[in-house]
Structures are given as C-alpha cells and as structure tokens.
Amino acid sequence: MAILENTYAGLFCPAGGFHIDPLRPVDRALITHGHADHARAGHGAVMATAQTLDIMAIRYGEAFAGMRQVATPTRIGDVDVSFHPAGHVLGSAQIHISGRAGSVTISGDYSRTANPACAPFQPVPADIFVTEATFGLPVFRHPDPLDEIGKLLASVAAQPERAHLVGAYALGKAQRVIMLLRDAGWDAPIYIHGALQRLCDYHIAQGIPLGDLRPATIDRSTKAQFAGQIILGPPSAFAATWAQRFPDPVICFASGWMQVRARARQRGVELPLVISDHVDWPDLTRTITELDPAETWVTHGREDAVIRWCDLQQRAARPLRLVGYDDEAEA
Amino acid sequence: MKRFAQLLEQLAFSPQRTGKTRHLVQYFAAVPDPARGYALAALTGDLALRKVTPSMLRALVAERVDAELFALSYDFVGDLAETIALIWPGGGGADPPLPEVVEELAATAKTALPGVIAARLDTLGPSERYAYLKLATGGLRVGVSGRMARLAVADFGTLPLTEIEELWHGLTPPYTSLFTWAEGGAKPVNAAKAPFRPVMLSTPTDAKALAALDPADFSAEWKWDGIRVQAVCDGGVKRLYSRTGEDISAAFPDVLDALSHDAVLDGELLVRRGDAVAPFNDLQKRLGRKTVSARLLASHPAALRVYDVLIDGPDDLRALPHHARRARLEALPLDPARIDLSPLLRFDTWDDIAALRAEPGDPVIEGVMIKHRQSPYLAGRIKGHWFKWKRDPMLIDAVLMYAQRGHGKRSGYYSDFTFGVWDGEALVPVGKAYFGFTDAELKELDRFVRTHTTERFGPVRAVAPEKVVEVAFEGLAESSRHKSGLAMRFPRINRIRDDKPAAEADTLETVRAMIPR
Ligand SMILES: [Zn+2]
Ligand SMILES: [Zn+2]
C-alpha cells in the first residue's frame, strides 16, 4: 500500500483513511490552509490548525464540518501525522505523514518570503514532497514586495486627485498589503470593502496589527473624501460598479500574476503590483533541492515546467492533475 | 532607458486613449531630443531596426535556458519579448540613454548583433529588457497606433493633426524638426514628394438604418474583398499606402508602374487576372514583401480598382462633393491593364440594393458600399457619409473540441478554439476560431476549458464534447488539406449556445451542402 494516492476526491492516505485538501466532500479531511481551493465545506471530520479552523468557520459558518479537531502531532490509523508552518497565510501548514510505506510532506501552498502573519516555512524532509506549482515557470521571479508598495505610494503621490483601489484576496493578500503599507510608512486610514472586514478583524484578534482600518462605504456626499486614499477590495468587487463610484479610480491589483503584462491588461488593471504569497521559480526549485526527496509530486498550476526541471536534475517527479481543480484561482 | 521602459508600462496599462495620450504628452515634455524622437519612431513603427528577428532572439535565449522550459514559458506569457525579458537569467539595474541603445542597434552588423544584444540584456533589469527587446524587434504592442502617437504630438504642441499626418512621410527619426515646431519653432517644410493623405472611412449599415435615407441622395458600388489603398503619383515619385499610411510600395512594383498621371487615388488593391478578380488569399501572397520575384508578379498580378480621387494634378479635390470627384475620376487617363474604375451600381430603391447584395455574382464581393453624393472627402470615420453593408455570414452550430492559449492581447486565456461537427457518432474538426466572442464569453469559454480538460497534447487541451458554439464565416470551399475536406474563410465564434445540447449540433453533411456551387 502506498503512503499517498491520487484519487478522484484528491490526495488520499490509505493507511490513515483520510484525504488531504479534498476537492469533494469526504469522511475525514486534513486541511493545509483556509483558501477556498484547499478548504471546502461539507466534510465529515476536519483536522487543521486552530487558525485554519477559525477561518473556515468565518468563511463557511460554524457548521462547515461534522466534527473538527485542532492539529497536534498524532497517530491516525497506521500513520503518524504532524503539521508544520508553510509561510503562506495565517494558519497555513504543511502536513507530514509517515508510516510503514514511507513518509510524505504535503506543502499545500507555501512561500519562503518573510510574512509577519505567519511562521516561516519549515523544511520537513520526506520520501515524497508534494509541491504546489502556482508560479512554477522560470519567468516568475517575484520582486521585493516593498518595491511594489513603493510603486503604489508613488502613484498616490503623483495623482492625489484619484482614489487608488487595490484588488487583493480576502485571506492573506489583503492583510499582507496592509502590513506592507504600514511598513512603508503609510499611517493614514486604509479603507476596506465589507467582504474583507471579518478576516481583517480576525488577524487583529490574532495579534497582527493592521493600523487604522475603516469601512469603504461611499455615497455621493462622501465621494470627494476618497481622493488620494487607498482602498482595498476583493477582486470580485471590481467587476461590479462598486469601483466606479470612487473618484477617477486607479485600479491596482496585488497578485503574483501581475508579473505577466497580458494578465494585468485583461483584468483592466492600471497599476499591477507583483505581490505573491507563493514560492516563485527560484524558491520553488531551491526548496526541492534542499529537501532532496526521493520523489517530487507536483500539483496546482504549471506542473509541466517543474516536471521538466526535475527531469533535467535527474529527480523523479510526477504531475498530479486534479480534475475539477481550477489552476488559476487565488494567488 | 528606464524612462522609456516606464512609458511603455504606462501605455500598456492605461485603459483609455485619454490616459495614454496624457502619458505620451508628459513624456514628450520631460524627455529631450533625440530620445523622445526615437521613442516616437518606435511607437509609430518608423524605427527601421529590422535586423533583429524573432528567430535570432530565440537562438539567443536557447543558449541560456532549456528549450522546453522556454517553450512552456512562452506559451504561458504569450509574447516573445516579454518571455525573454522575464526568463533571462541574472540582470542588473543599468540605465543607458535611449539614443545610445538605438544607435548601437542600428550600427551593429547582423553577425555581431546577438553578442551585442546578450551583453545589453545582461546589464538591464526585466522591465528595461522588455523595452529593449520591443525596440529591437519593432512591434511594441502597447495599444498605441501610429495615428495615436501623432495625435499626442499634436496635443503636446497644440498643432493640427492633419498637418502632421501630411508632413509625416517627409520626416525621419528622431523628428527634431517636428518637436521644434511643437515647441513654437518653425513648421518643417514638406520635404517628401507623394505624401500620404488621411483617408475617408465608412460605417456599417443595414436595411433598417437605410430605410430612413433617400436612395436618390446616394450612389453605390461593390465592396471588393481586397485591401484599401491610396496610390500617389507626384512629379515622378510614386507610392502606395495602406489606409493607415504605411508605405507598401515595395511589394507592388506592378501597380506603381501603372501610375503615370500626377494624382492621389483611393481604391481597392486586388489580384486580378484579366477580368477575373482573385480571392483574398491570392493577394495575401503579395503582402508584406520587401521585394517581389518576377514569377510571383506573373502568377499573382496586382491591380487597382479605383473609386475616388483626392488630388488631380495641381487641384485638391477633397472639398468637392462625391459626384463631382467621381466625374473627375472618370476623366482621368488610367492604364486599363492595372487600373480600372469601380463601377457604379444601378438602383432606384434600397430593395434594389438589397437584391444586388444578396446575389453579387462574384465570390470576391463582400457587400455594397453606399456613398452620399454630396459628401466631401473627409479624413476619418465620420457618420452619415459612407456606409458599408456587408454580406450576411454563413452560420453553423459546432462543438468545441480543442483549445489553446492565445497570444498578444488574449495571452493566458484559452482563446484559440478548434470546433467540429458530427460525422455519424464522431466529431470531425472543421475549423479554428480566435475571436468573435465578447470578453465575458471569452472568460466563460476559458473557464469551461480549464474545468473540462480531458487530455493534453503539449499546449493543446482536448475538452469534453459538451459546449456548442455558433460559428459565423464568410466563405466555404473544398479543401484537401483538412480532414473534414472543408476550408472556412474568416470563421469566428458568433455566440455560445448553452441552449443547445451537443448532440444537436450540425452534421458534416449539412455543412458540406453549404458550399457554393
Ligand atoms: Zn493558498
Ligand atoms: Zn492553493
């Protein structure tokens, strides 16, 4: 029996009888982190970090699973299971499984750039390393995020009559942008769309300071006060007329995808900000080299290029093509 | 170089024309000669650095990056220069002056270019590498046409655009005299013979819109499926321009030879053998060439079918009404072997026009042009004067079979589709379409492809045979090159037919029956 199998519902550990980040409802799920493509509602029992469980409750309601359990090193069936920091978003973890059939580390999504919202990525060697490949192409070399925030602040200074609207995913990216702005010295209030409120509040409750946040509620009488301000909203809000209510808005978007011009243009982004919470190509390949697993499994994005790189390095690797997985979701 | 790279980013990401124009005006104001002139030339496509080819760049990057990793990256990014700019290993923060870089590219011999380019790429950062490669290869693709760039110069200097357009072909990079004029100096004298004049464009119409107009006010002609050109003969200097003012003379020496009388003619460029006008495909073989072989001149002879005259000898006729210009055109001495008149259609009512349009009698006719008899010759697309009423397209319902990521504007999206129709139980591919859909439809199709992929062949994805699309096309012919035995002209996705189950899409038999006989 293999330590890990690729099934219709996602990755499955037969000796433990559980799935990891399953795509479809299952009896027992271990969840790496709270992003929607990893954490889904409707499983029988869920094990995750306390923060990920809280985040799932915020996103899906308290009844998101039949049973929940906070991750601690434990034995499930015939395997030992432990959770380790992934450096991706608040609560994110890698899952390490070991048993008679060997060991595996499932990274979930991970990043090796410092992020004050979570503990840094911890290398956990294993026979098999399951890596994400969201930015798994050699064209992805993420710039220093503070330089990107510098571009935003320069644009605000150059166009004080316009409102800067920054698209950022609700979990992780929005808070990251806020923390970077604070680091860069932006002490003014930051306005946030209602869809970001609860997760920002949760970060603050977890001891991550975000400064003065105010709701971005706008009507005719308040329109003018948004000139020269920075407003954050989820990308979905930009498709609606919400964004157009602000004074001559500069549409910005904080995402690793912004490194590719056409992606920014297709979204109608005027100021792309390359800010990512995933590994870029140099960090991804460096991580595989460091961990030196007997086998690398690649999921989630540009598998082909990572497989090719492994071939060139004479490393065993295989792609996990998960059917129904949208490979360009939140990043 | 950094300021130029920044300009390209600003232009690429400004959603509206006004924003782009503002960035250009700011650039012209902030950057001195000759850098701003070289930037302008790069935008208008007049920087003649044609020695750097895509294949040269591919070879260069192949020395540094694994070919398969490069191919996967290029497929994802969708733009050669951008892919190389991002993937090039290392990189510094150099900021060489733009003129130094341009002059170096212009002065370097072809064999030495790869070394020079690689050395530059090693010192530049990604954004400057991108700007540098765009400069070296031409084709900036920042959503700025030559016309828009000239418009920005007009804005910068509060100069009339038409005067800049008319001067343009007499000016050369870095356009110091033009910028001097824009900053209050003397207007450059038009050094060029046979300059381009901005052309008059038509707007689409249909039976409903025409009903409100009096047919007696209009004349009508066939709309030929060729290329709109302006032929200029000016004291022995002869030029052929596309409708955007690109000089395409080099590809059509046979047409130039036939110009003898000093005039500016407006007409359709076609391939014509005797009286028979050849399909657009034949004309395509003649396009984009710097020289033409005698064999091609003989097998694909080009001709002009003229429908307007802007200038006749010393007389500028553009202010005259259309009927008066037509009379002057008919009186011109034309070489009938290469230049003939676009005949006027006889009609009394719009129903007559509708009937002509329905049965044009020549497959190279793509509709009818309707022109107001009193209209002067006006630059640009001004409503109410010239109308085009195109033939209805043919339509079929087909099933999506394969998809591939697009390039350029659509890169990243699955936007290149192969569709098929039923041949018994099996789907047979009958064509490919890259456009026709709205942005919202593109997103829907892209999502469908990503969530319904059944197989992958390199960059191509096979999808579950579930999505029905209505395909519109302009012509259908037998073809031995395609598995289906059919070749479609100009196919595009007209709409998504979510109302139709895949089993009810068209069959090969019904599509075959549409071939004109
Ligand atoms: Zn994630
Ligand atoms: Zn993910």
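Hydrogens, waters and symmetry mates play no part in the numbers below; they use all other heavy atoms, side chains included. Below, chain A is the first sequence line, B the second, and so on; all start at residue 1.
Screening B:L72, B:T83, B:L69, B:I84 against A:V139 for a side-chain contact (heavy atoms from CB on, under 4.5 Å) leaves a single residue, B:T83.
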*Does the pair B:L86 and A:Q259 meet the rule for a side-chain contact (heavy atoms from CB on, under 4.5 Å), with working shown?*
CA-CA 9 Å; B:L86 290 171; A:Q259 201 152 9; 3.9 Å; yes
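Interface residues of residues 286-293 of chain A toward chain B, defined by a heavy-atom distance below 4.5 Å: none. Residues of residues 144-157 of chain A placed with any heavy atom under 4.5 Å of a heavy atom in chain B are absent; none qualify.
The structure places CD1 of B:I87 at 7.5 Å from CG of A:L137, a figure rounded to the nearest 0.5 Å. Taken from CZ in A:R308 to CD in B:E68, the straight-line distance is 4.5 Å, to the nearest 0.5 Å. In this structure, the separation between CG on A:D304 and OG on B:S73 is 11.0 Å, given to the nearest 0.5 Å.
A:P143 does not touch chain B: none of its heavy atoms, backbone or side chain, sits under 4.5 Å away. Proximity to chain B is absent for every atom of A:I251, based on heavy atoms less than 4.5 angstrom apart. B:P126 does not touch chain A: none of its heavy atoms, backbone or side chain, sits under 4.5 Å away.
The environment of CZ in A:R318 is crowded: more than 12 heavy-atom neighbours from other residues, nucleotides or ligands sit within 6.0 Å. By the neighbour-count criterion of 12 heavy atoms within 6.0 Å, atom NZ of B:K432 is sparsely surrounded, having that number or fewer from other residues, nucleotides or ligands.
Aromatic pair B:F76/A:F140: centroids less than 6.0 angstrom apart.
Counting heavy atoms from C-beta outward, B:E9 and A:R261 have side chains that approach closer than 4.5 Å.
The two atoms that bring A:R263 and B:R405 nearest to each other are NH2-NH1, 3.6 Å, heavy atoms only.
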